[in-house]
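Just so we're clear, the structure is a prediction, and the values are computed from it rather than from any experiment.
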Amino acid sequence: MSVSRRGFLTGLATGAGMLTAHKANAAGVQQFTGYQGRFGLLHDTTLCVGCRSCEKACKEVNGHPPPDRPIDDKTVFDRHRRITPTEFTVVNRYKPAEGRTPPVYRKHQCMHCNEPCCASVCLVHAFEKTPEGPVLYDPDVCLGCRYCVMACPYHALSYEYDSAFDPKVMRCTMCYPRIKEGKNPGCADACPTGAILFGERDKLITVAKERIRKSPDRYIDHVFGEHEFGGTSWLTLAGVPFKSLELHEGVTHESLPSIGTSYLSVVPLVVTIYPGLLMAFYAFSKRKDKLAQQELEEAVRLALEKADEDTKEKLKQAADKSAKDKEKAINAAVKKALQEAERKAAAEKAAAAATDGADPKETKS
Amino acid sequence: MSEAVQTRGKLFTPFNLIAGVILLVGAGILLLRFTQGLQATTNLTHYYPWGIWIGFDVMSGVALAAGGFVTSSAVYLFGMKEYKPIVRPAILTGFLGYFLVVLGLIVDLGKPWHLPYPFLVQAGPTSALFEVSLCVALYLTTLFVETTPAVFEWLGWKRWRKVVGAMTIALTVFGLILSTLHQSTLGAMYAITPTKLHPLWYSPYIPVHFFVSAVAAGLSMVIVEGMFSHKAFHHQVQISNEQFERINLGLGKAGAVALAIYTAIKLLSLSLDDKWHLLGTSWGAWYLVELVGFVLLPCFLFTVGYRESKVLFVRIAAVITVIGIILNRFNVSFIAFNYDLPSEHRYVPHWMEIWVSVALVTFGVVMFRWIANRMPIMYEHPDWKDEH
Ligand code: SF4
Ligand code: SF4
Ligand code: SF4
């Protein structure tokens with residue numbers, strides 16, 4: 001019953017809501033609790049010693065060139081590093097917790113979000129959240145707009161700026177090909193201290209909570225990635241505040257894509273409401289013009305009417321006068337015409353008399 | 001008309017020389033960019049995938065080209081006939097502006113030959129960028145059709161001119177819808193980055209900020225464009241100076257209103273999310289520079305200019321607003337973006353990026369001159385007076 005009720009409510013929602021809900025489904029970014037048995041990884045920073053074996057393994061499984069400095073060269077930690085097209089994971093060193101000496105290391109890589117920003121912002125939908133957990137990327141449709149790089153909250157994406165003809169977005173694949181073969185991700189296998197655990201995400205969360213329960217002094221009481229921005233496949237445990245490890249803890253549990261796409265619900269509203277509203281405005285301004293025009297015509301007519309009254313008399317006089325003038329002119333013309341006719345007749349008579357004797361034939365005819 | 005003929009006749013005017021050098025070097029840079037990749041010509045990083053080719057060419061360009069829809073809506077939909085003389089230049093500016101936006105985008109995209117993919121191969125309708133590109137594509141077409149009356153009048157194609165003339169209202173409504181959508185959605189593109197964009201600039205209402213500021217920017221750009229074109233094409237202009245000044249004062253009044261609303265929304269955002277304390281930080285100081293120097297100050301100048309009938313004030317305010325909008329888009333797209341990153345990771349544009357942006361603007365000016373020198377843009381064609 002509850003299901004149908006929910007469906008009913010969804011159905012009742014405005015066209016706007018429906019459209020976005022539909023869209024959100026299409027890119028798999030709507031709120032959902034996740035696929036059963038989905039995989040995840042847990043990085044326990046309290047166990048991480050900064051040996052960078054994971055970095056080395058990651059480079060190997062992805063066929064990247066080996067690092068230019070030996071993997072145990074600790075000077076790399078002097079600089080803060082980030083993910084690049086040939087380094088899908090990097091380990092950074094952070095200040096130790098207060099009162100403790102060993103520094104903290106955190107491994108950076110794509111978190112494989114439950115509701116990935118990268119997937120939601122891509123205008124060709126190049127990212128896909130797989131049922132197994134990894135978020136996959138399809139370079140064949142990618143435009144290279146890099147909106148995904150800009151939107152990812154974990155700085156997990158990089159771009160091949162040096163390629164002119166086939167640049168791609170690059171980042172950790174969660175070793176999808178290996179998972180498919182039933183193997184563990186390269187980094188998880190390589191970690192000598194067991195700081196990286198691979199398994200079903202739900203079980204990893206239980207493990208993480210168990211560790212916190214057993215050693216409350218060792219851990220901050222929070223599994224990062226369980227809920228952050230809708231949750232991630234990679235989970236992190238730490239003994240120092242997550243913020244000091246560049247993880248924005250507690251900003252929101254709401255998925256970023258749902259924040260990002262909420263505005264899009266305005267689109268159908270604008271598209272449906274605007275034309276009517278604007279045509280109304282147009283009709284209104286047109287009518288205003290028309291009324292103004294009518295008013296003008298009316299005023300002109302009234303003015304003319306008034307002018308009529310005033311000038312009727314004058315006009316009549318003028319008309320009378322012109323009538324009289326006309327009569328005079330006609331009389332004169334008639335008189336002139338008559339005189340003309342008389343003159344003509346006389347002339348003809350004279351001519352006839354002159355030709356009578358000369359050409360009798362002609363006169364006869 | 002004689003001056004136009006002369007400038008057309010002479011090839012080596014100072015303007016042509018400077019523009020030619022800018023465009024030639026720009027073409028060289030583009031050759032480098034398309035053969036060696038973005039790295040050769042830009043300072044883009046994995047932290048800053050978007051630089052000034054997005055922040056200026058696209059974000060600012062779209063906002064500044066808003067004058068087309070603002071003026072055509074005012075004249076054709078809201079019946080403000082007195083602004084009719086500026087509609088054509090504004091629409092032409094809008095069309096060229098959007099054309100440059102698309103050019104800028106093509107330069108910036110990693111694989112520009114995939115540009116039609118969102119519409120032909122695979123759509124990503126949850127993306128704000130998908131909506132923006134759809135709207136921009138449709139609006140560019142709309143603006144193109146809205147520019148054709150001048151072309152048809154120039155060519156003397158009366159039938160076609162009548163056809164597009166009859167479509168004016170529909171086109172204007174369509175343009176207003178598309179503009180409302182994509183101007184605000186450009187802001188919505190940043191709604192997904194609450195952890196990266198500084199909270200003073202980030203707001204859930206950033207789409208509204210973008211829309212209102214775009215209206216102010218579009219109006220100001222119409223004033224600025226008029227400042228130049230009215231002088232450059234004075235032999236073509238039919239309206240009297242008084243009439244032109246009245247139009248500018250009216251635009252100034254509208255600009256003041258738009259900026260006042262913008263200020264109110266910005267302050268409201270600060271209050272709603274309780275961000276006042278952030279004003280005390282150094283980011284706050286920078287934010288105040290933008291808000292006071294480039295929003296409140298021009299708002300004040302617009303108001304004074306309108307009240308006192310001082311066109312100079314309106315013009316100064318317009319220039320400040322235009323710079324302010326660019327500053328705002330820069331702040332949002334890279335200055336206040338990734339604000340918590342250490343300074344060594346920050347983005348500073350490469351000189352070639354700046355050059356290409358300047359070259360695009362130059363290209364726009366050259367095209368405007370070419371068209372306005374030939375077609376009835378600054379004046380009404382005698383056969384089509386008082387028509388749409
Ligand atoms: S961490 Fe970034 S790149 Fe990885 S899935 Fe999440 S949003 Fe996408
Ligand atoms: S760069 Fe490619 S994958 Fe990333 S958002 Fe753009 S089109 Fe999508
Ligand atoms: S899961 Fe695979 S791709 Fe990702 S960091 Fe580990 S080894 Fe590298």
Side-chain angles (χ1 to χ4, degrees), chain A residues 20 23-24 26-27 29 80 82-85 117 119-126 141-147 149-151 153 155 157-168 248 251-252 256-257 259-264 266-267 270-271 274-275 278-279 281-282 284-286 288-289, chain B residues 33-40 42 44-50 73 76-81 105 108-112 114-115 117-118 121-131 133 169 172-173 176-177 180-181 184-185 187-189 191-196 204 207 337-338 340 342 345:
Chain A
T20 28
K23 280 175 181 171
V29 291
H80 177 273
R82 66 151 288 142
I83 291 148
T84 70
C117 285
S120 117
V121 300
C122 176
L123 75 172
V124 284
H125 190 28
V141 290
C142 172
L143 302 180
C145 69
R146 311 185 296 283
Y147 189 9
V149 183
M150 177 269 202
H155 300 297
L157 295 171
S158 62
Y159 194 70
E160 294 181 318
Y161 291 109
D162 52 349
S163 165
F165 303 109
D166 192 22
K168 293 182 287 295
H248 293 270
V251 174
T252 169
L256 285 180
I259 300 174
T261 52
S262 63
Y263 171 73
L264 293 182
V266 175
V267 173
V270 171
V271 171
Y274 257 49
L278 295 175
M279 286 323 282
F281 267 121
Y282 174 59
F284 182 70
S285 79
K286 254 237 142 132
K288 216 173 67 189
D289 283 356
Chain B
R33 180 255 167 273
F34 282 112
T35 51
Q36 308 292 311
L38 284 161
Q39 196 165 56
T42 70
L44 296 175
T45 65
H46 309 304
Y47 281 124
Y48 288 96
W50 288 353
S73 307
Y76 295 133
L77 297 182
F78 303 109
M80 303 181 180
K81 298 254 153 47
L105 199 63
D108 187 74
L109 281 181
K111 293 192 216 172
H114 282 188
L115 192 57
Y117 274 33
V121 178
Q122 188 163 290
T126 47
S127 170
L129 191 56
F130 177 77
E131 200 224 292
S133 43
I169 299 301
T172 311
V173 172
L176 182 46
I177 292 174
T180 311
L181 289 179
S184 48
T185 311
M189 289 177 60
I192 203 161
T193 58
T195 55
K196 289 179 155 185
F337 194 76
N338 283 334
D340 51 1
H345 292 307

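- Of the listed residues (B:A188, B:P342, B:S127, B:G37), the greatest number of heavy-atom pairs within a distance under 4.5 Å of chain A belongs to B:S127.
- Using a 4.5 Å heavy-atom cutoff, the side chains of A:V121 and B:L129 are not in contact.
- Two residues are said to be in side-chain contact when any heavy atoms from C-beta on lie closer than 4.5 Å; B:L38 and A:P167 fail this criterion.
- Side-chain contact between B:H345 and A:R82 is absent, with no heavy atoms from C-beta onward closer than 4.5 Å.
- When each of A:L123, A:D162, A:T84, A:D166 is scored by its heavy-atom pairs under 4.5 Å with chain B, the top score falls to A:L123.
- Between B:D108 and B:L44 there is a side-chain heavy-atom pair separated by less than 4.5 Å.
- Contact of B:Y117 with chain A is made through backbone and side chain together, with heavy-atom distances under 4.5 Å.
- Contacts of A:C122 with chain B are made by backbone atoms alone, with heavy-atom separations under 4.5 Å and no side-chain atom involved.
- Remark: the backbone N or O of B:F337 is paired with a side-chain donor or acceptor of B:Y48 at under 3.5 angstrom.
- In this structure, no portion of B:L105 lies under 4.5 Å from any heavy atom of chain A.
- The candidate with the highest count of non-hydrogen atom pairs below 4.5 Å against chain B, out of A:V141, A:V124, A:V149, is A:V124.
- For A:L157, the part lying under 4.5 angstrom from a heavy atom of chain B is the backbone only.
- Heavy atoms closer than 4.5 Å to chain A are found nowhere in B:A40, neither backbone nor side chain.
- Residue B:Q36 touches chain A through its backbone alone, counting heavy-atom pairs closer than 4.5 Å.
- Neither the backbone nor the side chain of B:M80 comes within contact range of chain A; no heavy atoms are under 4.5 Å apart.
- For chain A, the option among B:P204, B:A128, B:A123, B:P118 with the highest count of heavy-atom pairs below 4.5 Å is B:P118.
- No side-chain heavy atom of B:V121 sits under 4.5 Å from any side-chain heavy atom of B:H114.
- At a 4.5 Å heavy-atom cutoff, the contact between B:T45 and chain A is made by backbone atoms alone.
- Only the side chain of B:T193 comes within less than 4.5 Å of a heavy atom in chain A; its backbone stays farther off.
- Both the backbone and the side chain of A:S158 come within less than 4.5 Å of a heavy atom in chain B.
- For the residue pair A:Y159 and B:G110, the shortest heavy atom distance occurs at OH-CA, 3.2 Å.
- Proximity of the aromatic rings of A:Y161 and B:H46 is defined here by a centroid distance below 6.0 angstrom, and this criterion is met.
- Comparing B:G187, B:S133, B:P112, B:S184 by heavy-atom pairs within less than 4.5 Å of chain A, the highest count is held by B:S184.
- No other option in B:T35, B:L77, B:T42 has as many heavy-atom pairs under 4.5 Å with chain A as B:L77.
- The two residues B:L181 and B:E131 come nearest to each other via the heavy atoms CB-OE2, 3.4 Å.
- Put simply, the side chain of B:T126 gets close to the backbone of A:S120: a donor and an acceptor are under 3.5 Å apart.
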